[in-house]
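To keep things clear, I will list the structure first and then write my remarks on it.
Because the structure is predicted, anything quoted here is derived from the model rather than measured. Because only heavy atoms are used, hydrogens play no part in the values below, and waters and symmetry mates are left out as well, while side chains stay in.
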Amino acid sequence: MPQSYSPVDFPQDWSAVSMSASSQFTDSCSDDADNDIGNYCTWNAICAFPSAKVTLGDGNTKATITPDGAIIGNQFFDVTDSDGFYWETKFISNVSNAEHVGIGQQTVPLNNTSYLNNGIATYLSDGGADHTSSDRYSGGTFPTYTDGDTISVAVKGGAIWFAKNNTWINGASAAEIAAGTTTNAVFTGLTGMWTPMVRGHSGSATVSTTNWGASAFAYTPPTGLKRLMTADRSAPTVTKPDDFFNTLLYTGNGGTLAVTGAGFQPDFVWLKCRSVATNWNVVDVVRGADAMLRMASSTNTEQSGANQEFESFDSDGFTVIHHGGVVEELNRSGATYVGYCMKAGGSPSSNVQGNVTSSVSAASHGGFSIGTFTTGTTGAITIGHGLSRAPGMIIVKDRVSTGQYWTFLESQGAGKYLTLNTTDAPASSTAVWNNTAPTATVFSTQDNGAWLTANNSHVFYAFAKTPGLIGMGTYTGNGSADGAFIQVDDGASGFKPAWVMVKRLEAGYAWHIQDAVRSPYNPTALGLNANDTGTDSASTAYDFIANGFKLRTTDGGYNGSASYMYLAFAEDPFGGDGVAQARAR
């Protein structure tokens, strides 16, 4: 009879027996910061540029790199972090061929020579700083190094330091680094998300190993600097994203249907028929379950009564009903549907922080809100959005008149706008957002009749980066099926996505949506467009990974040689102090 086993027979963590400290590793799929256990950074096997020039080993901590090959880490970090990070790279062979050691940026296109050369702070074995045509940085005196040397990297408060065999360059000291004194730093003034990097420069292949703290360091790090690992990062704001976002699939029955499985009572549902060409439909708790907005070039005013088929928000989902003979059907017999559900703050309350009163339902995490307001004030208008910080994306729609879904993106600034229901490029305007960036309390617009109709009620949806739940930003594509890796910018360490929407920031390109429920395995294979009536389409786009997504397509709508925006919601947080780590899928 076969032997049965329980999970406790095979624990996740293993204790070292008869091994030296230098041979022991504490990399683990569970976090215990007090005992140096966690998910440590390694070289990112899906981000070798190009893959033919990089060979990894020893659990992706050893890199053999031929000239013009490069590899980056699988964890990005905020270079302005006040605690800072420390790691060590030791050269094994052929270091005389000038391997570069340092950090690379999230915002520069991956798998592209500009990523290797532009805006990377590196330490060179040939004794020079990595100056490019833009000559972005200037830095100090760099000694040469040879096989067997260990290069320490310290990053803190927007500055970077290097040491050769525990001697810090430029006369810096560990005490200065610990104190955040940047006088003798190699480079200062860095901002944004960066990751470790090594690059082969010339000659034959260079071999090195890098330690981010999974085993004992060769030298003592400056006091207070962290290892690049999940357990040394703060817990995200949201540790259970499915308490606030979920995707529900259902098949219509032609009558009344309760759709369950959300895990919460949604305050916002965005619905689309997957098998029949119909419009998207938007319902929310502020306008009420009997008020449905359509996304279309026409008929996109609010519908109620017999003209809509959303019946109620329920404790675990929602109910739809089939009226028959109407344009927008949410429960056609045999048709398949998707509903994207979000939790805000339940019944709305009055917000008087702007010069126009709004009615707002805001989520407890402070990163998502739904609100309505009525225009009538000529000129500048300020509207209280209810978030706990400035939103990075806002969508505004007239409820009464046909009109656009006016969209603000932080990356484009308050002098531009997009329209979620069209394929238009960002357009310039000093009026739509009053050329004024949103604050932690209000966003701004103008009531001049060109986009907001005087005396009409309008609805808005506001989003802000929320660690563990909501991420947004931009990336640059490379036109390759071996595309960019994007660590989701949620203001922290990223997350495994449940849902991603991207838009190429040019005219003629759709707002593409992929999710982890319609496509439960990598790569994501089914797309929908927010701006049209189309059904599910075969569309290989990404791998969803533990802290972001990797582009797997040459489709110009996702990954041309162009700039893109993205909005993402989480399936699992990447990790953090006391938080379960996201798993690969």
If you define the side chain from C-beta out and look only at heavy atoms, does anything of [X] sit under 4.5 Å from [Y]?
X    : Y    : result
C341 : F318 : yes
H458 : T374 : no
L528 : V338 : yes
L409 : L418 : yes
L190 : I103 : yes
F495 : V488 : yes
C41  : F77  : no
L469 : H365 : yes

Handout entry: F313: ring-ring contact (aromatic ring centres under 6.0 Å, His included) partners, not counting sequence neighbours
Key = F310
Practice task
Please list, chain by chain and in numerical order, all residues satisfying ring-ring contact (aromatic ring centres under 6.0 Å, His included) with W511, sequence neighbours excluded.
Solution key: none
Practice task
Could you label the plane-to-plane angle of the Y340 and W499 rings as parallel, tilted or perpendicular, counting under 30° as parallel and over 60° as perpendicular?
Solution key: perpendicular
Practice task
May I ask you to decide if the ring planes of Y558 and H512 are parallel, tilted or perpendicular, using 30° and 60° as cut-offs?
Solution key: parallel
Practice task
Only counting residues at least two apart or in another chain, list the ones meeting salt bridge (charged side-chain N to carboxylate O under 4.0 Å, His left out) with R504.
Solution key: E506
Within this structure, what is the [atom1]-[atom2] distance for the pair [X] and [Y], rounded to the nearest 0.5 Å?
X    : Y    : atom1 : atom2 : value
Y337 : L330 : OH    : CG    : 6.5 Å
N435 : T430 : CG    : OG1   : 5.5 Å
H385 : F443 : NE2   : CZ    : 8.0 Å
D515 : T247 : CG    : OG1   : 4.5 Å
S369 : D267 : OG    : CG    : 11.5 Å
L526 : R274 : CG    : CZ    : 6.5 Å

Problem - Within residues 389-412 or reaching into it, pairs that qualify as salt bridge (Lys or Arg N to Asp or Glu O under 4.0 Å) - sequence neighbours excluded - result: E302-R399
Exercise: identify the closest heavy-atom pair between [X] and [Y]:
X    : Y    : result
F485 : C47  : CB-SG, 3.0 Å
A464 : A390 : CB-O, 3.8 Å
S361 : A344 : OG-CB, 3.4 Å
E311 : I321 : OE1-CG2, 3.3 Å

Problem - Test ring-ring contact (aromatic ring centres under 6.0 Å, His included) applied to F368 and Y461, step by step - result: CA-CA 7 Å; F368 173 59; Y461 307 105; 7.1 Å; no
Strictly by modelled atom types, are [X] and [Y] linked by a side-chain donor-acceptor pair under 3.5 Å?
X    : Y    : value
T445 : N434 : no
N559 : N478 : yes
N331 : E309 : no
N74  : T42  : yes
S539 : S537 : no
D314 : S312 : yes
Q514 : T524 : yes
Q404 : N421 : yes

Problem - D489/K465 under salt bridge (charged side-chain N to carboxylate O under 4.0 Å, His left out): CA gap, chis, key distance, verdict - result: CA-CA 7 Å; D489 185 2; K465 294 175 186 176; 2.8 Å; yes
Practice task
Please assess R552 against D543 for the test salt bridge (charged side-chain N to carboxylate O under 4.0 Å, His left out), listing each intermediate value before the final yes or no.
Solution key: CA-CA 7 Å; R552 293 294 192 186; D543 285 344; 2.8 Å; yes
Problem - Those residues that, when tested against T260, pass side chain to side chain donor-acceptor pair (under 3.5 Å) (two or more places apart) - result: none
Exercise for the section: Before accepting this row, confirm whether a basic side-chain N of the pair R518/D536 lies closer than 4.0 Å to the acidic partner's carboxylate O. Expected result: yes
Problem - F544/F549 aromatic ring centres below 6.0 Å - result: no
Problem - Output field: ring centroids Y564/Y509 closer than 6.0 Å - result: no
Exercise for the section: Run through T256, L257, T251 and flag the one making a side chain to side chain contact (heavy atoms under 4.5 Å, CB included) with N253. Expected result: L257
Let me check something: any side-chain donor-acceptor pairs from residues 567-576 under 3.5 Å, sequence neighbours excluded? List them with distances.
none

